[in-house]
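Inspection log for the structure reproduced underneath, given as structure tokens.
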Number of protein chains: 2
Amino acid sequence: MTKTLGKTRDKTRIQRKNTATILEAALDVFSTHGFRGSTVDQIGNAAGLSKPNLLYYFSSKEAIHNALLSGLMDTWLDPLRALDAQGDPLPEILNYVCRKLKMSREFPRESRLFANEIIQGAPRIMGALDAELRPLVDEKCAVIAGWIAAGKIAPVHPYHLMFSIWSLTQHYADFDVQVHRILGQDTDPYPEAEVYLETLFTRMLTPQTI
Amino acid sequence: MTKTLGKTRDKTRIQRKNTATILEAALDVFSTHGFRGSTVDQIGNAAGLSKPNLLYYFSSKEAIHNALLSGLMDTWLDPLRALDAQGDPLPEILNYVCRKLKMSREFPRESRLFANEIIQGAPRIMGALDAELRPLVDEKCAVIAGWIAAGKIAPVHPYHLMFSIWSLTQHYADFDVQVHRILGQDTDPYPEAEVYLETLFTRMLTPQTI
DNA sequence: CCATGGTTTGACCATATGGTCAAAGAGACG
DNA sequence: CGTCTCTTTGACCATATGGTCAAACCATGG
């Protein structure tokens, strides 16, 4: 698969630095133009390296993209992994929402890279969806279903709850431009978003004592 | 601007048929590959027309894209326009959510086209955002703020309420692949989604009698 | 200071792509 | 049928793009 730099040798300092620079630049470019919309030259410029030089470190444009995506899925799922079945239901969920929102704020490019990929049919990460995302979601939704059955939170469809958390939080990264176009260029939407989302999930999930 | 077919003449039957066919095919292609990821040949194939033939009806690839986008914004805002300041607050909002969800279901390609455009920085519709979207949103958010002030619905940030409606409903179109990957290929998520969203907004917006 | 192996690049190639054009092909209509 | 306009296309062009390669370059350890 990886033909470039294939030897079983430790990476040079230069190698480490340049691969990092390339991935950083590629994240910028891919997240704003999508895979097909990005060119190797563009990434090269952004990284301050020549095109052949890029292809010395990565065997192809797709290899760069893959490197980004495979590193991504793991990080992306961390907040969900942290959802603790032993914890207090509502705070656990609110915490998850909060962490997810924080990820949108701190890693908007990663969010957009992911969004681009999914919208366009997820051709390159279908596998990861089945292998990593789905099992984890199944597990955590079971936990939530348990909480509901125990009357700890108000009844809702666990999977759609999950979808709603994703869409609501990622919206602020993916549709960033639109949000700013409406709220004003120099408004920081995140503090208000956090309040809003906490309110939303609290009101929706607090059990109604009859 | 439009140099092709410029005459002040009525459109032929053939012209009407072919422009429609082209736009239909282009919607398919653009919505799944983004602007730069789509090729005129691809659209031509999908439409059953040769590339030069396409360019007989539209002066360029971008002209096709523009035609789609400009037609889109109007349709897209219809549900929001229908939000009636004189109506019953909660039902009005639930109705808006419902109509928006229906649009996701019936026009997922339009939703993805829009999403692609926004994620990639909205280079081609920035103008429409400022000219059409923002004023309408401002107006309707004022209405909602009024309802809140009158105690008709529980207090929430009107703009973020708007964002949440968009993200929650459009998610089912834009992230369709992911949703189906998790719920199973042949599940129809929409009925459950409608129930879920109605619950969500009802619980969040029903005023708490103290 | 030289040799060795990692690093960089200019020149190059094949293919893809947006777009043009002249000429050939329908359609409508007197 | 003949003519005029609208439609379609094969051939073509300039440019962009992913990728290759041999040659030059540089860092470093002996």
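Owing to the predicted nature of the structure, the values given are computational and were not obtained by experimental measurement.
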Closer than 4.0 Å, any side-chain N/O of Tyr56(B) to the OP1 or OP2 of dT8(D)?
no
Measure CZ/Phe58(B) against P/dT7(D) and give the value in whole Å, please.
13 Å
Ring-plane angle category for His171(A) and Phe163(B), please: parallel below 30°, perpendicular beyond 60°, tilted otherwise.
tilted
Taking atom C1' of dT8(D) as reference, at what distance in whole Å does atom CD of Gln15(B) sit?
13 Å
Between Arg36(A) and Asn53(A), whichever has its closest DNA chain C nucleotide further toward 5' is Asn53(A)
Going by heavy atoms in the side chains, are Ile165(A) and Leu80(A) under 4.5 Å from each other?
no
Of Lys61(B) and Arg13(B), the one whose nearest nucleotide on DNA chain C sits closer to the 5' end is Lys61(B)
Please determine if a side-chain N or O atom of Thr12(B) lies less than 4.0 Å away from the OP1 or OP2 oxygen of dG27(C).
no
For His33(A) and dT17(D), give me the distance from atom NE2 to atom C1', rounded to whole Å.
15 Å
Take atom OH of Tyr57(B) and atom C1' of dG18(C), then tell me their distance rounded to the nearest Å.
20 Å
How many whole angstroms separate atom NZ of Lys17(B) from atom P of dA26(C)?
14 Å
Charged N to carboxylate O below 4.0 Å: is that the case for Glu24(B) and Arg109(B)?
yes
Could you tell me how far apart Leu54(A) (CG) and dT17(D) (P) are, to the nearest whole angstrom?
14 Å
With the threshold set at under 4.0 Å for non-hydrogen atoms, list the residues of residues 45-52 of chain B touching DNA chain D in residue-number order.
Ser50(B), Pro52(B)
Between atom CD in Glu62(A) and atom C1' in dG18(D), what is the gap in whole Å?
12 Å
Integer-rounded Å distance: dA27(D) P and Asn18(A) CG:
13 Å
Minimum heavy-atom distance between Ile153(A) and Leu90(A), given as atom pair plus value:
CG2-N, 4.1 Å
Ring centres under 6.0 angstrom apart (Tyr196(B), His157(A))
no
Is any side-chain heavy atom of Arg134(A) closer than 4.5 Å to one of Arg181(B)?
no
Residues Arg112(A) and Asn116(A): side-chain donor-acceptor under 3.5 angstrom
no
